[in-house]
Amino acid sequence: MANYTFGEIDNVKEGDSFSDRKALREAGIHLALVAGIDGNQSVGASSIVLNGGYVDDLDLGSEIIYTGQGGNDANTKRQVADQKWTLGNKALLVSEMSGLPVRLTRGFNHKSEFSPKSGYVYGGLYRVTDHFEEKGKDGYTICRFRLEKINSFENSLQIGKPAVPELFTTSERVATTVLRIIRDTKLSKRVKELYDYKCQVCGIQISVKGIKYAEGAHIKPLGNPHKGEDKLGNLLCLCPNHHVMFDKGVFTIHPSEYSLIGIGGELTFDHKKHVLDQENLKYHQEHIFINH
DNA sequence: GGGCCCGCAGGG
DNA sequence: CCCTGCGGGCCC
């Protein structure tokens, strides 16, 4: 059993170059010589390599949409089969749940403005913030992960410093076991008031001295690559637990019958004032709901 | 530059 | 023990 180290490695800093995978291994950054995901299903993933092995990869610098492993033809680098939520993909899921950082190394084979021309460059620490399923460019199901760079702001949250006030105007960063972004727009306030801050799944209302708390949950997620809209038909009023369960794909909502799939109970909602977008529900069922 | 195959390390 | 994986070198 290999001993995986999480976080920064002594004597290696962001931007350091390595000639090949063997050098990366010797530095202690990434142990596997071929596989792009280091780690296992019990401790999670400690490191990944982004090197053009999968055509659907997207590198935006501080945000990466990474393709999981499997179903890939070693010679053509194209998908020839569906991927599954096993092996390294499961390790990345474990990392998403634990919130432990994942080292990122970029290789010369991936073409982006952040990739090196030759060899491998250590790119710092990232957190797995999201996972979903997609049909890749080659027509097969791929497991995908959103990784977000851990910056000084997020590190400051880790040691309990208060968040920067101006960020509260559009979004509120909340440190939980897994870092999430809870947007508190006028719309999400509206959906909460519509249900009097009661969770549409379990009915619980969180209230302290009459001050109520609930979360506005987007059905089709905002941000890349989903690009869901911030509109009432794309929002639910949920308690924190059911918000996490919904976002992580534990349950979904039937696009036309509005029944709950994956957990018991039924969704309460105001058919007149709150028209749920069926396309977005379909999107959630196909891409986010993986508990099948 | 593309195809091919040998490789190792580690997980299951 | 077998299998797989975002290498890599060598051939053409």
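The analysis underlying the following values was restricted to heavy atoms, covering all of them including side chains, and did not include hydrogens, waters or symmetry mates. Residue numbers begin at 1 in each chain, while the letters A, B, ... track the order of the sequences.
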note = Applying the Watson-Crick and G-U criteria (both distances under 3.5 angstrom) with [ ] for crossing and | for other-strand pairs, one obtains for DNA chain B ||||||.|||||

ask   = Can a side chain N or O of A/Y120 be found less than 4.0 Å away from OP1 or OP2 on C/dG7?
value =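 For A/Y120, the contact criterion (side-chain N or O under 4.0 Å from OP1 or OP2 of C/dG7) is met.
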
inquiry  = I need the minimum non-hydrogen distance between A/G249 and A/F289, along with the two atoms involved.
reply    =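 Closest pair (atom of A/G249, atom of A/F289, distance): O-CD1, 3.4 Å.
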
task = Output yes when A/K220 and A/E279 qualify as a salt bridge under the 4.0 Å nitrogen-oxygen rule, no when they do not.
result =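 No salt bridge links A/K220 with A/E279.
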
request  = Output the residues of residues 58-92 of chain A in contact with DNA chain B, where contact means a heavy atom of the residue under 4.0 Å from an atom of the strand; sort by number or write none.
outcome  =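 Heavy-atom cutoff 4.0 Å gives A/N75, A/L87.
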
query = With a 4.0 Å cut-off on heavy atoms, is A/A2 in touch with a base, just the backbone sugar-phosphate, or nothing at all?
reply =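 Sugar-phosphate only.
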
query = Has the side chain of A/Y54 got a donor or acceptor atom that lies under 3.5 Å from a matching backbone atom of A/G70?
reply =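 Looks like yes, one N/O pair under 3.5 Å.
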
query = Heavy atoms under 4.0 Å, any strand shown: does A/G52 hit a base, just sugar-phosphate, or nothing?
reply =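 It contacts base atoms.
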
message = Please report the interatomic distance NZ(A/K137) to CD(A/E134), rounded to the nearest 0.5 Å.
response =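 Rounded to the nearest 0.5 Å, the NZ-CD separation comes to 10.0 Å.
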
request  = Using the test side-chain hydrogen bond (donor to acceptor under 3.5 Å, both in side chains), find all partners of A/E286 that sit at least two apart in sequence or belong to another chain.
outcome  =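 A/E286: no side-chain hydrogen bond (donor to acceptor under 3.5 Å, both in side chains) contacts found.
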
query = Are A/R106 and A/D59 close enough for a salt bridge, meaning some N to O gap below 4.0 Å?
reply =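 Answer for the salt bridge query: yes.
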
request  = Applying salt bridge (Lys or Arg N to Asp or Glu O under 4.0 Å), name anything that partners A/E26, two or more places apart in sequence or on another chain.
outcome  =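 Scan of A/E26 (salt bridge (Lys or Arg N to Asp or Glu O under 4.0 Å), adjacent residues dropped) gives none.
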
task = Could you verify whether a donor N or O on one side chain and an acceptor N or O on the other, from A/H30 and A/Y120, lie under 3.5 Å apart?
result =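 Absent: no donor and acceptor within the cut-off.
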
message = Any residue in residues 33-43 of chain A with a heavy atom nearer than 4.0 angstrom to DNA chain B? Just list them by number, or reply none.
response =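 Hits under 4.0 Å, by residue number: A/L33, A/V34, A/G39, A/N40, A/Q41.
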
Residue A/L58 excluded, over 12 heavy atoms near CG under 6.0 Å =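 Yes, CG of A/L58 has more than 12 neighbouring heavy atoms, counting only those of other groups under 6.0 Å.
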
Outermost nucleotides of DNA chain B that come under 4.0 Å of a non-hydrogen atom of chain A =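 Range of nucleotides touched by chain A: B/dC4 to B/dG12.
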
query = Name the one of A/L260, A/L267, A/I261 that satisfies side-chain contact (heavy atoms from CB on, under 4.5 Å) with A/H254?
reply =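 Result for side-chain contact (heavy atoms from CB on, under 4.5 Å) with A/H254: A/I261.
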
